[in-house]
Amino acid sequence: MEKELTLNPFKIVQEQIENVGDVLGLSKDVVEVLKWPKRVLSVSIPVKMDDGSTKVFLGYRSQHNDALGPAKGGIRFHPDVTIDEVMALSMWMTLKCGVVGVPYGGGKGGVACNPKEMSQGEIEKVARGYIDGIWQFIGPEKDIPAPDVYTNPQIMAWMMDEYSKLKGYNVFGVITGKPLLLGGSEGRNMATAIGTLYTIREGVKVVGINLKGATVSVQGFGNAGFFAAKLLYDDGAKIVAVSDSKGGIYSEEGLDPYKVSEHKKKTGSVVGFPNTKEIGPKDTLTIPCDIVVPAALENQITTENANEVKAKIVAEAANGPTTPEADKIIAEKGILMLPDILTNAGGVTVSYFEWVQNNYGYYWSEEEVLDKLERIMVNAFKNVYEMYKEKKIDMRTAAGAVSIKRVVDAMKLRGWV
Ligand code: NAD
């Protein structure tokens with residue numbers, strides 16, 4: 001496993017930035033600037049728990065680069081949160097914002113805690129305590145957090161409220177992914193998956209397959225995975241397999257994601273859906289089909305299974321599902337990789353729309369939001385695909401190059417490098 005020792009996400013993203021630096025012919029010192037976050041905050045959050053004890057939670061916020069605008073990125077509540085992971089995710093956010101051209105830099109935050117074992121009251125105290133720790137360093141013009149793993153619109157509402165109390169007036173634009181009533185945007189719920197759909201629609205054109213009737217397998221059946229399966233199904237694709245953490249299901253005739261979702265709501269898993277063959281959670285990645293959509297976790301396509309991937313397109317709705325070594329195998333096999341920083345950028349793009357609407361105090365219809373999203377995603381795909389063709393590099397490096405070029409041009413114009 002020597003080759004895959006680089007599974008530390010911070011090392012992975014640093015390596016990706018170095019690769020992009022080579023492609024763009026950037027000097028070593030400019031690459032060095034990009035390899036480190038500009039600011040990383042570490043806070044301790046003491047919380048009086050329901051049983052009367054006091055527990056200390058550790059939280060982090062990383063702001064990678066703000067040459068193009070304020071930092072932007074989610075807040076994760078998960079027991080495995082580490083400072084390295086938060087820094088890496090903030091760097092991927094810089095790349096993601098740059099690919100779609102939204103005027104932001106990268107940020108990310110996290111608190112090491114397990115919300116599954118906490119009451120709503122305890123989660124609220126952690127959320128407010130986290131904002132108390134970082135509020136001087138965030139704001140609509142500085143750094144705008146959003147939801148991520150195990151955080152949701154309710155938690156965003158508490159955080160926005162805490163920030164507003166500290167400032168003394170309502171600041172809706174400090175956080176995105178809020179409930180609609182408190183300045184959220186129409187379309188935010190499905191935004192990531194819709195962005196994935198728009199990217200796949202462009203991808204099938206260059207590969208020469210018809211999305212109508214194309215076979216699709218989706219790993220993960222949460223926000224990104226369920227909506228991706230549903231939207232692709234609505235577009236005429238045949239969903240042959242889906243999985244969640246408990247296992248997967250396969251049907252040669254195709255699955256109806258709406259019915260699978262009903263089944264999951266009743267039983268807690270997609271497994272056991274009638275007239276399907278049970279498969280493992282990771283088998284969805286290697287099953288014969290035209291398009292694979294990883295929409296669960298990082299490090300799912302590795303050197304162990306990359307050779308077994310049979311699809312013509314891998315569309316990464318998840319963040320970091322393919323390791324760098326597996327990436328090379330996928331490229332050698334001639335599979336079109338639609339990388340995460342492009343394919344799941346619909347979420348941050350609609351977050352940007354939410355912030356714009358908050359700044360305006362004027363709100364758009366869902367149709368307006370989706371129309372604007374489509375134009376941005378299609379344009380981003382075209383830019384990445386042109387870079388891929390022109391430089392004869394893999395799609396992930398091409399996406400990184402489109403993005404880093406923007407960031408570096410901005411840094412040069414500002415006189416930073
Ligand atoms: P979620 O918690 O709603 O869903 C995650 C799904 O993955 C669940 O169905 C879970 O059962 C499944 N899963 C967990 N372990 C699995 C395994 N070993 N095999 C198969 N399935 C497994 O999370 P989400 O918001 O859908 O996020 C999924 C991925 O998409 C993450 O990488 C996230 O960073 C990325 N993403 C999400 C958004 C968004 O707006 N939701 C935006 C950008 C990127």
Side-chain angles (χ1 to χ4, degrees), residues 39 41-50 54-63 69-78 81 86 89-90 93 104 107-189 191 223 347-348 350-364 369:
R39 180 182 292 121
L41 302 170
S42 169
V43 294
S44 64
I45 309 162
V47 169
K48 198 168 261 180
M49 306 297 280
D50 293 350
T54 298
K55 213 169 160 184
V56 177
F57 296 93
L58 299 182
Y60 312 100
R61 183 80 191 164
S62 170
Q63 298 165 346
K72 181 93 193 79
I75 298 166
R76 184 171 284 202
F77 280 5
H78 194 277
V81 161
V86 169
L89 290 165
S90 74
M93 284 307 298
Y104 290 138
K108 202 80 178 192
V111 179
C113 66
N114 189 352
K116 286 188 177 172
E117 290 172 359
M118 294 158 70
S119 69
Q120 283 298 100
E122 288 167 344
I123 294 173
E124 179 176 349
K125 284 183 195 169
V126 168
R128 290 187 186 275
Y130 177 71
I131 293 300
D132 294 344
I134 67 165
W135 74 280
Q136 280 139 315
F137 300 93
I138 63 169
E141 277 110 28
K142 286 189 207 167
D143 179 0
I144 308 131
D148 193 67
V149 176
Y150 294 160
T151 54
N152 55 35
Q154 173 61 75
I155 296 176
M156 297 307 109
W158 289 325
M159 289 184 172
M160 181 277 293
D161 181 70
E162 189 67 16
Y163 183 83
S164 296
K165 277 184 183 155
L166 289 161
K167 295 294 281 189
Y169 52 90
N170 277 330
V171 190
F172 292 127
V174 66
I175 273 176
T176 60
K178 302 179 296 294
L180 271 181
L181 193 60
L182 292 176
S185 177
E186 294 286 354
R188 179 63 186 85
N189 209 10
N223 179 288
V348 74
V350 175
S351 269
Y352 162 58
F353 295 160
E354 180 174 334
W355 175 80
V356 170
Q357 292 170 82
N358 292 153
N359 291 345
Y360 256 35
Y362 175 74
Y363 291 85
W364 308 334
V369 168

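Basis for what follows: all heavy atoms, side chains included, without hydrogens, waters or symmetry-related copies. In this text, all values refer to a predicted model and were calculated from it rather than measured experimentally.
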Exercise. Can you check whether Pro147 reaches Ile155 side chain to side chain, under 4.5 Å on heavy atoms?
Worked result: no

Problem set entry | Gln154: side-chain contact (heavy atoms from CB on, under 4.5 Å) partners, not counting sequence neighbours | Asn152, Ala157, Trp158

Exercise. Considering only heavy atoms from C-beta outward, does the side chain of Glu186 approach that of Leu180 to under 4.5 Å?
Worked result: yes

For this session: Side-chain contact test, heavy atoms from C-beta onward, threshold under 4.5 Å: evaluate it for Val81 versus Val86 and give yes or no.
Result: yes

For this session: State, with a plain yes or no, whether a side-chain heavy atom of Asp148 is found less than 4.5 Å away from one of His78.
Result: no

Problem set entry | Phe172 atom CZ, over 12 foreign heavy atoms within 6.0 Å | yes

Problem set entry | Parallel, tilted or perpendicular, as decided by the 30° and 60° cut-offs, for the rings of Trp355 and Tyr352 | tilted

Problem set entry | Nearest-0.5 Å distance that lies between atom CD1 in Ile134 and atom OH in Tyr60 | 13.5 Å

Exercise. Do Tyr363 and Asn358 have a side chain donor and acceptor closer than 3.5 Å?
Worked result: yes

For this session: Determine whether more than 12 heavy atoms belonging to other residues, nucleotides or ligands lie under 6.0 Å from atom NZ of Lys48.
Result: no

Exercise. So do the side chains of Asp143 and Arg39 get within less than 4.5 Å of each other, counting heavy atoms only?
Worked result: no

Seminar exercise, completed: Between the CD1 atom in Ile144 and the CD1 atom in Ile138, the distance rounded to the nearest 0.5 Å is 9.5 Å

Problem set entry | Test salt bridge (charged side-chain N to carboxylate O under 4.0 Å, His left out) applied to Arg188 - qualifying residues, sequence neighbours left out | none

Exercise. What heavy-atom pair brings Val350 and Ser185 nearest, and what distance separates the two atoms?
Worked result: CG1-OG, 4.0 Å

Exercise. If every non-hydrogen atom of Ser44 is compared with every non-hydrogen atom of Leu58, which pair is closest and at what distance?
Worked result: CB-CD2, 4.0 Å

For this session: Report the distance from atom NZ of Lys125 to atom CD of Gln120, rounding to the nearest 0.5 Å.
Result: 13.0 Å

For this session: Mind checking the OG-OH spacing from Ser164 to Tyr169? Nearest 0.5 Å is all I need.
Result: 9.0 Å

Exercise. Hey, mind stepping through Met159 and Ile75 against side-chain contact (heavy atoms from CB on, under 4.5 Å) and telling me if it holds?
Worked result: CA-CA 11 Å; Met159 289 184 172; Ile75 298 166; 3.5 Å; yes

Exercise. Taking side chain as C-beta onward, heavy atoms only, is Phe137 less than 4.5 Å from Arg61?
Worked result: no

Problem set entry | Least distance between heavy atoms, Pro115 atom then Tyr150 atom | CG-CB, 3.8 Å

Exercise. Would you say the side chain of Val174 lies within less than 4.5 Å of the side chain of Pro140, judging by non-hydrogen atoms?
Worked result: yes

Exercise. So, for Val126 and Val47, which heavy atoms are closest and what is the spacing to 0.1 Å?
Worked result: CG2-CG2, 3.9 Å

Problem set entry | Shortest non-hydrogen separation from Cys113 to Phe57 and the atoms involved | CB-CD2, 3.5 Å

For this session: Please identify each residue that fulfils side-chain contact (heavy atoms from CB on, under 4.5 Å) with Leu166, with sequence neighbours left out.
Result: Ile131, Asp132, Trp135, Glu162

Problem set entry | Gap between atom NZ of Lys72 and atom NZ of Lys108 - 0.5 Å precision | 9.5 Å

Exercise. Under 4.5 Å between any side-chain heavy atoms of Lys165 and Arg128, yes or no?
Worked result: yes

Problem set entry | CZ-CD1 distance between Phe77 and Ile123, expressed to the nearest 0.5 angstrom | 8.0 Å

